[in-house]
Chemist: 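Below are the structure tokens for one structure; questions will follow.
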Amino acid sequence: MSPACVRWMLSRTLRAVCAGARGHWAPAATLALPGDGPNTAASSRRWSPFSTDVDDTEQALAPAKKTKHDPKAPGAFGAVGRRIPHRHVQVISETGENLGTMHRADVLRVLDERGLKLVLLSERKDPPVYRLMSGKQIHEEQLRLRERQKAKAAPVQVKELTFSQGIAPHDLSTKLKQVEGWLEKKNHVRITLRAGRGGPAVNLDTNLEQMVEQMEVTVGFVSKPKAIRDGQAAMCVLRPPSAKELSQKAKDHGDPSQSDDATSRAAEGQTAAPPVSATDSDANKTLS
């Protein structure tokens, strides 16, 4: 019997024995007999259930592994578990009391006794500083950090309003009330005053400042009124007032109690506003 026939019979036998089992394509060299030539073994491929080759389709369909939260990652805040890499650490209690330097075995004993978790505060210090916290304290701190990140990432919207110097008093009052509503929503407002058709372009910046003073609320300036377009228009950028500006206005009116109330309201509702970086032309209106 020729070697080719023997190889064919072995292949059929393996298929019959391993019928229904999953396998992969493997080179025929794994089933070749010693008498076969190298060209014959390399010219064909056979199905073998013992192959360890990985199918490309199965590898692509494999679900991606979920990455675990690393408490040591920059900006991360969470419990480090029971694996303390440092032998001696400085420990702060859940109430903020400094417990001094402790061995990690003693720290684990305190964790078990009080039912608390260990949070890394500073790894750069010698020894590193850890704090004992409850699960509720960790959750509240994570919420605070998340709110701070949202406040920093949120861009300030800049509303735009354009009108001419000859605007009617009623229309001007309507526009100023619209500006007040934008400022209450913590937006910035860019106001542009242009010269009327055929009218003189004189003291537009002064006129714009007088219009802003007609507003019933206190405002702050990102940019004071100034002439632009070779004196043919004036522009200013308004922002919500700070606590200091509200307090100063209340003192100028001679009402100390109003000053305290204004300061407290501003401290509660005021958020740090980054520099003007984006423009939202949501209400760009021109009135001749």
Chemist: Starting at NZ of Lys159, measure out to CG of Leu161 and round the result to the nearest 0.5 Å.
Modeler: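 Interatomic distance, Lys159 NZ to Leu161 CG, rounded to 0.5 Å: 11.5 Å.
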
Chemist: For Leu176, enumerate each residue passing the side chain to side chain contact (heavy atoms under 4.5 Å, CB included) test, keeping only those at least two apart in sequence or located in another chain.
Modeler: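 If we apply the side chain to side chain contact (heavy atoms under 4.5 Å, CB included) test to Leu176, skipping adjacent residues, the hits are Leu172, Gln214, Met215.
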
Chemist: With ring pair (Phe, Tyr, Trp, His ring centres under 6.0 Å) as the rule and sequence neighbours excluded, what pairs involving residues 213-244 come up?
Modeler: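 Found none.
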
Chemist: With Ala233, which residues qualify under side chain to side chain contact (heavy atoms under 4.5 Å, CB included), at least two apart?
Modeler: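 Scan of Ala233 (side chain to side chain contact (heavy atoms under 4.5 Å, CB included), adjacent residues dropped) gives Thr192, Arg194, Ile228, Arg229.
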
Chemist: First locate atom CG of Asn203, then atom CD of Gln210, and finally report the distance between them rounded to the nearest 0.5 Å.
Modeler: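 If I round to the nearest 0.5 Å, the distance is 9.0 Å.
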
Chemist: For Ser134, check side chain to side chain donor-acceptor pair (under 3.5 Å) against everything at least two apart and list the hits.
Modeler: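 Once residues adjacent in sequence are excluded, Ser134 has no partner under the side chain to side chain donor-acceptor pair (under 3.5 Å) criterion.
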
Chemist: What's the shortest heavy-atom distance between Val237 and Met235, and which atoms?
Modeler: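 Scanning both residues, the minimum pair turns out to be CG2-SD, 3.8 Å.
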
Chemist: Using side-chain heavy atoms (C-beta onward) and a distance below 4.5 Å, is His188 in contact with Pro240?
Modeler: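 They are in contact (side-chain heavy atoms under 4.5 Å apart), so the answer is yes.
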
Chemist: In Å and rounded to the nearest 0.5 Å, what is the CD to NZ distance from Gln157 to Lys185?
Modeler: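 Reported value, rounded in 0.5 Å steps: 9.5 Å.
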
Chemist: Could I get the full list of side chain to side chain donor-acceptor pair (under 3.5 Å) partners for Thr174, not counting sequence neighbours?
Modeler: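 So Thr174 forms no side chain to side chain donor-acceptor pair (under 3.5 Å) with any residue.
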
Chemist: About how many Å separate CD of Gln137 and CD of Glu140, when rounded to the nearest 0.5 Å?
Modeler: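 Atom-to-atom, Glu140:CD and Gln137:CD are 7.5 Å apart.
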
Chemist: Could you grab the distance from atom CE of Met211 to atom OG of Ser173, nearest 0.5 Å is fine?
Modeler: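 Atom-to-atom, Met211:CE and Ser173:OG are 12.5 Å apart.
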
Chemist: Just wondering, do Leu132 and Leu99 contact through their side chains at under 4.5 Å, heavy atoms?
Modeler: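 SC-SC contact between Leu99 and Leu132 confirmed.
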
Chemist: So do Tyr130 and Ile92 actually touch side chain to side chain, heavy atoms under 4.5 Å?
Modeler: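 Not in contact.
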
Chemist: Would you say the side chain of Val110 lies within less than 4.5 Å of the side chain of Leu116, judging by non-hydrogen atoms?
Modeler: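 Side-chain contact under 4.5 Å: no.
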
Chemist: Does the pair Arg239/Glu245 count as a salt bridge with the N-to-O cut at 4.0 Å?
Modeler: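 A salt bridge is present here (some side-chain N lies under 4.0 Å from a carboxylate O).
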
Chemist: Could you grab the distance from atom CG of Leu208 to atom CD1 of Ile191, nearest 0.5 Å is fine?
Modeler: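 The distance works out to 6.0 Å.
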
Chemist: Tell me whether Asn98 at atom CG has more than 12 heavy atoms from other residues, nucleotides or ligands lying less than 6.0 Å away.
Modeler: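 More than 12 heavy atoms, drawn from other residues, nucleotides or ligands, come within 6.0 Å of this atom.
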
Chemist: Is the shortest side-chain N to carboxylate O distance from Arg144 to Glu147 below 4.0 Å?
Modeler: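 No.
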
Chemist: Enumerate the side chain to side chain donor-acceptor pair (under 3.5 Å) contacts for residues 101-122, please, sequence neighbours excluded, ordered by first and then second residue.
Modeler: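 Residue pairs with at least one partner in residues 101-122: Arg82-Asp112, Glu94-Arg114, Arg109-Glu113.
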
Chemist: Can you sort out the partners of Glu213 under side chain to side chain contact (heavy atoms under 4.5 Å, CB included), two or more places apart, ordered by chain and number?
Modeler: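 Scan of Glu213 (side chain to side chain contact (heavy atoms under 4.5 Å, CB included), adjacent residues dropped) gives Glu209.
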
